[in-house]
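Below, each value reflects all heavy atoms present in this structure, side chains not excepted, and no hydrogens, waters or symmetry copies. This chain uses plain numbering: 1 for the first residue, then up along the sequence.
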Amino acid sequence: MTETEALDTHLQELRRGTVVLACLRLLIEPGYGYALLEQLQARGFDTDTNTLYPLLRRLEKQGHLTSVWNTDEARPRKFYRTSAQGRRLARALEQDFTAIADAIAGLPRAETDEEH
């Protein structure tokens with residue numbers, strides 16, 4: 001595995017949980033999948049449709065999101081919204097994320113590529 005491939009793998013693992021939190025926070029206001037994908041990407045969450053749509057279905061099945069179909073336009077769209085249960089989950093994830101970020105900030109930094 002090249003260094004670039006290793007980095008990509010680890011970044012994907014690191015970001016996986018943050019996308020859940022980002023979705024729960026962004027969907028406080030109702031939104032549909034493609035618009036949410038664009039919002040995530042604009043905010044630096046590199047996500048694709050093969051990740052996002054199964055995640056939305058899973059969060060809905062778990063009760064963290066609710067959904068309604070909007071058939072007023074030519075193309076029906078399923079709009080998702082964070083449920084009360086999802087808002088509680090988002091608050092818990094935010095607290096844990098902050099604690100982890102604080103803990104990481106307190107660790108020594110790898111400032112050079114030299115081995116000691």
**Q.** Reported CG-to-CD distance for the pair Asp96 and Glu94, which is rounded to 0.5 angstrom
**A.** 11.0 Å

Q. Between Gln85 and Gln62, is there a donor-acceptor pair closer than 3.5 Å when you use the side chain of the first and the backbone of the second?
A. yes

Q. Under 4.5 Å between side-chain heavy atoms, hopping through other hydrophobics if needed: is there a path connecting Leu24 to Val68?
A. yes

**Q.** Minimum heavy-atom distance between Tyr53 and Gly33, given as atom pair plus value
**A.** OH-C, 3.4 Å

(Q) If you define the side chain from C-beta out and look only at heavy atoms, does anything of Glu29 sit under 4.5 Å from Gln39? (A) no

Q | Student check: side-chain heavy atoms of Arg58 and Val20 closer than 4.5 Å | A | yes

Q. If you group Ile, Leu, Val, Met, Phe, Trp and Tyr by side-chain heavy-atom gaps below 4.5 Å, do Tyr34 and Leu65 land in one group?
A. yes

Q.
With side chain to side chain donor-acceptor pair (under 3.5 Å) as the test, pick out the partner of Thr51 among Thr49, Asp48, Thr47.
A. Asp48

Q) Tyr80 and Ile28: same hydrophobic cluster, using ILVMFWY side-chain contacts below 4.5 Å? A) no

Q.
Looking at every non-hydrogen atom in both residues, tell me the closest pair between Leu52 and Cys23 and how far apart they are.
A. CD1-SG, 3.7 Å

(Q) Quick check for you: to the nearest 0.5 Å, what is the distance between Arg87 atom CZ and Arg91 atom CZ? (A) 7.5 Å

Q. Thr9 versus Met1: any side-chain heavy-atom pair under 4.5 Å?
A. yes

Q. Measuring from Arg75:CZ to Asn70:CG, what's the distance to the nearest 0.5 Å?
A. 12.5 Å

**Q.** Residue pair Thr82 / Leu26, side-chain heavy-atom distance below 4.5 Å
**A.** no

Q) What are the two closest heavy atoms between Pro30 and Phe79, and how far apart are they? A) C-CD2, 4.1 Å

Q: Mark yes when over 12 heavy atoms from residues, nucleotides or ligands other than Glu3 sit less than 6.0 Å from its CD; otherwise mark no.
A: no

Q) Roughly how far, to the nearest 0.5 Å, is OG1 of Thr71 from NZ of Lys78? A) 14.0 Å

Q) Any side-chain heavy atom of Leu27 within less than 4.5 Å of one from Leu59? A) no

(Q) Any non-hydrogen side-chain atom of Asp46 less than 4.5 Å from a side-chain atom of Leu11? (A) no

Q | Expected output: side-chain Arg81 to main-chain Gly31 donor-acceptor under 3.5 Å | A | no

Q: Mind listing the closest non-hydrogen atom pair of Ser83 and Gly63 along with its distance?
A: OG-O, 2.6 Å

Q) Between Leu7 and Thr2, does a side chain to side chain contact (heavy atoms under 4.5 Å, CB included) hold up when you go through it step by step? A) CA-CA 9 Å; Leu7 176 60; Thr2 68; over 6 Å; no

Q) Are the side chains of Tyr32 and Trp69 in touch, meaning some heavy atoms are under 4.5 Å apart? A) no

